[in-house]
Amino acid sequence: AFALELNDLKKVYATGVEALKGLDLAVEEGDFYALLGPNGAGKSTTIGIVSSLVNKTSGSVRVFGYDLDTDLEKAKQQIGLVPQEFNFNPFETVEQIVVNQAGYYGVPRKEALVRSEKYLKQSDLWEKRHVRARMLSGGMKRRLMIARALMHEPRLLILDEPTAGVDIELRREMWQSLRQLNEAGTTIILTTHYLEEAEMLCRNIGIIQAGELIENTSMKALLAKL
Ligand code: ADP
Ligand code: ADP
């Protein structure tokens, strides 16, 4: 079964920029997949379309078999998105942020509180649950973004440049927790422009350039070629 299937995906922005020129991509359930490419290649556009924040021009997107055009709500339930920029309300507490997120996805409050304890402990943020998000360190904010994305227990976690601007120690720590999530069964797709990051984490890799997939292979096979 595929966690994600993109068929002939195209995006032309209002400015006339052709950001995606017919992307075909399939990511298997359980995979840890990197979408690698230089700035402007179309990575954020792809993620934006999959998480229904950006409208596609044409083509199809299926998430665990749910087509975005016909089963949008089901598809959305499968996906946890960790955008590159912090987009929580900095004046809310850590707990409010994760519990409210569960609410957006229809998780009952009692269950949301149970999950909040689970995911905040897992992210080493439980002690900080009553602290306003603006008071957290950069590393804690990153972990909060991930904990929030897990609250509706998505089967597919998508991270956009998760370690951009993150120091090496924190990067290692994030890699470790992403590995654990993947081992526990969550399919993970991340975008990066560091080959090293993809190499450290990912089983399979797609290389995107100027809106086209120019390589789609296992990390092992790619490294053997270099
Ligand atoms: P990446 O994430 O790989 O850096 P993007 O998906 O952000 O690439 O961008 C792909 C192309 O689309 C680039 O040429 C970029 O300038 C353009 N682009 C991205 N977002 C917009 C937008 N909202 N309006 C117009 N052009 C955009
Ligand atoms: P829609 O309103 O289009 O159905 P969603 O409610 O599913 O969209 O939200 C889209 C994304 O924005 C999700 O990642 C969701 O968690 C996030 N989001 C929505 N409302 C808020 C909010 N008030 N604060 C933070 N994130 C939010």
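Keep in mind the model is a prediction, meaning the values are calculated, not measured. Below, all heavy atoms of this structure are taken into account, side chains as well, without hydrogens, waters or symmetry copies.
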What is the minimum heavy-atom distance between [X] and [Y], and which atoms define it?
X	Y	value
Ser218	Asn204	CA-OD1, 3.2 Å
Leu9	Lys56	CD1-CD, 3.7 Å
Pro83	Arg148	CD-NH2, 4.4 Å
Gln84	Ala164	NE2-CB, 3.9 Å
Phe86	Gly138	CZ-O, 3.9 Å
Thr187	Ala3	CG2-CB, 3.7 Å

> Should Leu144 and Phe88 be marked as a side-chain contact (heavy atoms from CB on, under 4.5 Å) after you check the CA-CA gap, both sets of side-chain angles, and the distance that decides it?
Replying inline: CA-CA 9 Å; Leu144 174 58; Phe88 43 72; 4.0 Å; yes
hydrophobic_cluster_shared for [Y] and [X], side chain cutoff 4.5 Å:
X	Y	answer
Val114	Leu125	no
Val50	Val54	yes
Leu6	Leu36	no
Leu159	Leu201	yes
Leu213	Leu195	no

>> Evaluate Tyr119 against Ile146 for side-chain contact (heavy atoms from CB on, under 4.5 Å), listing each step before the verdict.
In response: CA-CA 9 Å; Tyr119 293 111; Ile146 296 177; over 6 Å; no
> Can Ile205 and Glu215 be said to form a side-chain contact (heavy atoms from CB on, under 4.5 Å), step by step?
Replying inline: CA-CA 8 Å; Ile205 184 169; Glu215 184 81 80; 5.7 Å; no
Evaluate the side-chain proximity of [Y] to [X]: yes if any heavy-atom separation is below 4.5 Å, no if none is.
X	Y	result
Glu197	Pro162	yes
Ile188	Ile158	no
Glu212	Leu23	no
Val63	Leu68	yes
Asp69	Val61	no
Ile47	Thr191	yes
Pro154	Tyr105	no
Arg171	Met200	no

>> When you measure from the centre of the six-membered ring of Phe64, is the NZ or CZ of Arg155 closer than 6.0 Å and no more than 45° off the axis?
In response: yes
> Could you give all pairs that pass the side chain to side chain donor-acceptor pair (under 3.5 Å) test and reach residues 9-25, with sequence neighbours left out?
Replying inline: Tyr13-Thr45
>> Quick check on Arg172: does its CZ atom have over 12 non-hydrogen neighbours (other residues, nucleotides or ligands) under 6.0 Å away?
In response: no
>> Are there over 12 heavy-atom neighbours, none belonging to Arg203, within less than 6.0 Å of that residue's CZ?
In response: yes
>> Has Lys43 got a side-chain atom pairing as donor or acceptor with Pro38's backbone, closer than 3.5 angstrom?
In response: yes
When rounded to the nearest 0.5 angstrom, what distance separates [atom1] in [X] from [atom2] in [Y]?
X	Y	atom1	atom2	result
Ile208	Leu25	CD1	CG	8.5 Å
Glu85	Lys141	CD	NZ	12.5 Å
Asn87	Leu81	CG	CG	8.0 Å

>> Please evaluate residues Glu161 and His193 with respect to the criterion side-chain hydrogen bond (donor to acceptor under 3.5 Å, both in side chains), reporting the C-alpha separation (whole Å), side-chain torsions for both, the decisive distance (0.1 Å), and the verdict.
In response: CA-CA 8 Å; Glu161 301 268 353; His193 54 264; 3.0 Å; yes
Would you call [X] and [Y] a salt bridge, taking side-chain N to carboxylate O under 4.0 Å as the test?
X	Y	answer
Lys76	Asp71	no
Lys121	Glu117	yes
Glu92	Arg134	no
Arg143	Glu173	yes

> Should Arg132 and Asn89 be marked as a side-chain hydrogen bond (donor to acceptor under 3.5 Å, both in side chains) after you check the CA-CA gap, both sets of side-chain angles, and the distance that decides it?
Replying inline: CA-CA 9 Å; Arg132 290 181 204 284; Asn89 179 340; over 6 Å; no
> Going through the distances and angles, do Ser58 and Asp8 end up as a side-chain hydrogen bond (donor to acceptor under 3.5 Å, both in side chains)?
Replying inline: CA-CA 7 Å; Ser58 64; Asp8 200 20; 5.7 Å; no
> For Arg115 and Lys110, what are the C-alpha separation, side-chain angles and deciding distance, and is it a side-chain contact (heavy atoms from CB on, under 4.5 Å)?
Replying inline: CA-CA 9 Å; Arg115 291 186 192 180; Lys110 230 181 175 175; over 6 Å; no
> Yes or no on side-chain hydrogen bond (donor to acceptor under 3.5 Å, both in side chains) for Tyr33 and Asn182, after CA distance, side-chain angles and deciding distance?
Replying inline: CA-CA 10 Å; Tyr33 189 93; Asn182 180 244; over 6 Å; no
